[in-house]
Amino acid sequence: MSTTDMNTAAIVDEEELRYARAEKREKIAKWLLPVVVIALAVFLWDRMVVWNDIPHYILPGPGLVLETLIQDWGMLSDALIVTLKITLAALAVAVVGGVGLAILFTQSRYFEMSFYPFAVILQVTPVVSIAPLIFIYVDSRIAGLLLCAWIVAFFPILSNTTLGLNSTDHNLRDLYKIYGATRWQRLRYLQLPTALPYFLGGLRIAGGLSLIGAVVAEYVAGTGGIGSGLAFRILEAGYRLNIPRMFAALLLIAATGVVIFTAASLLSHALLHKWHESAIKRES
């Protein structure tokens with residue numbers, strides 16, 4: 001091997017080593033930086049309470065919130081299960097209804113022109129203004145909560161899936177027609193795979209919105225007793241000036257939202273990382 005070849009090989013090895021180190025630092029920073037920032041925020045929160053001697057009924061410290069979460073875990077966990085059931089049920093119905101309606105929209109242009117405006121109206125109308133009417137006309141409180149959460153979560157699934165189904169390459173559509181593919185075959189083998197990344201993007205959005213819809217509906221319903229969700233526990237704690245319990249319930253709501261978003265992101269990665277450009281990892 002000549003000297004030039006050896007120098008070139010050394011440069012290549014150095015570049016690969018530099019890239020490997022950068023990739024390792026990025027992997028560590030991806031997890032370390034959020035943890036450090038959150039820890040710093042909690043520390044500043046605690047110091048603010050201590051330095052300014054703020055009463056716990058105005059702003060509790062993080063230690064008191066954690067202590068309250070542990071002490072009231074029996075009550076809060078039951079409320080969390082109620083809110084979570086409504087959220088997941090609304091999300092499931094939104095997925096089934098949104099995907100089904102999106103398929104109908106792509107199969108019939110006249111059907112889309114007729115019913116898409118109603119979906120837009122549901123999306124742009126605040127659920128807090130619709131919820132009182134829903135609880136007047138719907139006898140079941142759980143059904144009313146589910147309907148409110150569904151209204152919020154439905155549109156992102158519908159709009160994203162419709163966009164994905166309509167984004168199919170026209171050349172591929174023409175090729176399917178040339179080879180005599182049926183409408184069902186074009187939908188199954190061409191349009192649905194194309195729409196999958198769009199649907200998963202809508203799912204990540206709808207997961208958080210279904211939780212928001214469930215919480216807002218619980219605020220409007222305001223019904224206590226057995227079967228009360230986290231939103232009612234926040235209202236109840238506010239009436240009692242039990243601010244640490246309010247923060248503990250808010251912490252559970254935020255954690256639930258993070259878990260739902262993470263689960264949707266993991267599902268998206270699992271379904272797309274082998275073939276779609278948005279999830280394939282490329283060397284920089």
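These numbers were taken from a predicted model, which means no experiment stands behind them. Quick note: residue numbers are just sequence positions, from 1.
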(request) Look only at the side chain of W150 and the backbone of G213, and say whether a donor-acceptor pair between them is shorter than 3.5 Å. (result) no
(request) Please step through side-chain contact (heavy atoms from CB on, under 4.5 Å) for the pair L91 and L203, ending with a clear verdict. (result) CA-CA 8 Å; L91 182 59; L203 181 65; 4.0 Å; yes
(request) List the atom of A149, the atom of A214, and the distance in Å for their closest heavy-atom pair. (result) CB-N, 3.7 Å
(request) Over all heavy atoms of both residues, which pair between G98 and I157 is shortest? Give the atoms and the distance, please. (result) CA-CG2, 3.9 Å
(request) Check whether V65 and L252 end up in the same hydrophobic cluster, where Ile, Leu, Val, Met, Phe, Trp and Tyr are linked by side-chain heavy atoms less than 4.5 Å apart. (result) yes
(request) Mind checking the CD1-CD1 spacing from I243 to I58? Nearest 0.5 Å is all I need. (result) 9.0 Å
(request) For R240, look at atom CZ and say whether over 12 heavy atoms of other residues, nucleotides or ligands are found less than 6.0 Å away. (result) no
(message) For P34 versus A29, what's the shortest heavy-atom pair and its separation?
(response) CD-O, 3.6 Å
(message) Please check: side-chain N/O of T168 versus main-chain N/O of L165, any donor-acceptor pairing under 3.5 Å?
(response) yes
(request) Would you check if the side chain of E112 reaches a backbone N or O of R109 as a donor-acceptor pair within less than 3.5 Å? (result) no
(request) Say whether, by atom type as modelled, one donor and one acceptor occur between the side chain of T83 and the main chain of L230 under 3.5 angstrom. (result) yes
(request) Quick one: pull up NZ in K85 and CG in L80 and give me the separation to the nearest 0.5 Å. (result) 11.0 Å
(message) According to a hydrophobic-cluster definition based on side-chain heavy atoms being under 4.5 Å apart (Ile, Leu, Val, Met, Phe, Trp, Tyr only), do I81 and V258 belong together?
(response) no
(message) To the nearest 0.5 Å, what is the distance between OG1 on T68 and CE on M246?
(response) 12.5 Å
(message) Tell me if a side-chain donor or acceptor on Q123 pairs with a main-chain N or O of F155 at a distance below 3.5 Å.
(response) no
(message) I need the minimum non-hydrogen distance between P197 and P193, along with the two atoms involved.
(response) CD-O, 3.6 Å
(request) Report yes if some heavy atom in the side chain of R245 is under 4.5 Å from a heavy atom in the side chain of Q71; otherwise report no. (result) no
(message) Do I260 and I86 land in one hydrophobic cluster if side-chain heavy atoms of ILVMFWY residues count as linked below 4.5 Å?
(response) no
(request) Search all heavy atoms of V49 against all heavy atoms of P60 and return the closest pair with its distance. (result) CG2-O, 4.1 Å
(request) Supply the atom-to-atom distance R173 CZ to R186 CZ, rounded to the nearest 0.5 angstrom. (result) 8.0 Å
(request) Nearest 0.5 Å please: distance from the CG atom of L122 over to the CD1 atom of I151. (result) 5.5 Å
(request) State yes or no: do I121 and V127 share one hydrophobic cluster built from I, L, V, M, F, W and Y residues joined by side-chain heavy-atom distances below 4.5 Å, directly or via other members? (result) no
(message) Test your reading of the model: is there a side-chain donor-acceptor pair from N160 to the backbone of F199, 3.5 Å cut-off?
(response) no
(request) Measure the shortest side-chain to side-chain distance between C148 and I134 over non-hydrogen atoms and say whether it is less than 4.5 angstrom. (result) yes
(request) Kindly say whether P126 contributes a backbone atom to a donor-acceptor pair with the side chain of S129 at under 3.5 angstrom? (result) yes
(request) Starting from the C-alpha separation in whole Å, work towards a yes-or-no answer on side-chain contact (heavy atoms from CB on, under 4.5 Å) for S159 and Y116. (result) CA-CA 9 Å; S159 60; Y116 195 78; 4.0 Å; yes
(message) Using salt bridge (Lys or Arg N to Asp or Glu O under 4.0 Å), reason through K30 and E26 one step at a time and then give a plain yes or no.
(response) CA-CA 6 Å; K30 181 180 178 180; E26 184 178 348; over 6 Å; no
(message) Tell me whether the count of non-hydrogen atoms from other residues, nucleotides or ligands lying under 6.0 Å of CG in N52 goes above 12.
(response) yes
(request) Answer yes or no: is there a side-chain heavy-atom contact under 4.5 Å between L147 and I130? (result) no
(request) State, with a plain yes or no, whether a side-chain heavy atom of F247 is found less than 4.5 Å away from one of L59. (result) yes
(message) Walk me through whether L235 and Y219 qualify under side-chain contact (heavy atoms from CB on, under 4.5 Å).
(response) CA-CA 8 Å; L235 289 173; Y219 271 116; 3.4 Å; yes
(message) Under a 3.5 Å distance rule, please check whether S268 uses its side chain to pair with a backbone N or O of A264 as donor and acceptor.
(response) no
(request) Starting from the C-alpha separation in whole Å, work towards a yes-or-no answer on side-chain contact (heavy atoms from CB on, under 4.5 Å) for L101 and F111. (result) CA-CA 10 Å; L101 196 57; F111 190 89; 3.5 Å; yes
(request) Starting at NE2 of H269, measure out to CG of L200 and round the result to the nearest 0.5 Å. (result) 12.5 Å
(message) Looking at every heavy atom in both F232 and E218, which two are closest together, and how far apart are they?
(response) N-OE1, 4.1 Å
(message) If hydrophobic clusters are built from ILVMFWY residues whose side chains come within less than 4.5 Å, do V93 and L209 share one?
(response) no
(message) Has S108 got a side-chain atom pairing as donor or acceptor with L104's backbone, closer than 3.5 angstrom?
(response) no
(request) Can you establish whether the number of heavy atoms outside R47 located under 6.0 Å from its atom CZ is more than 12? (result) yes
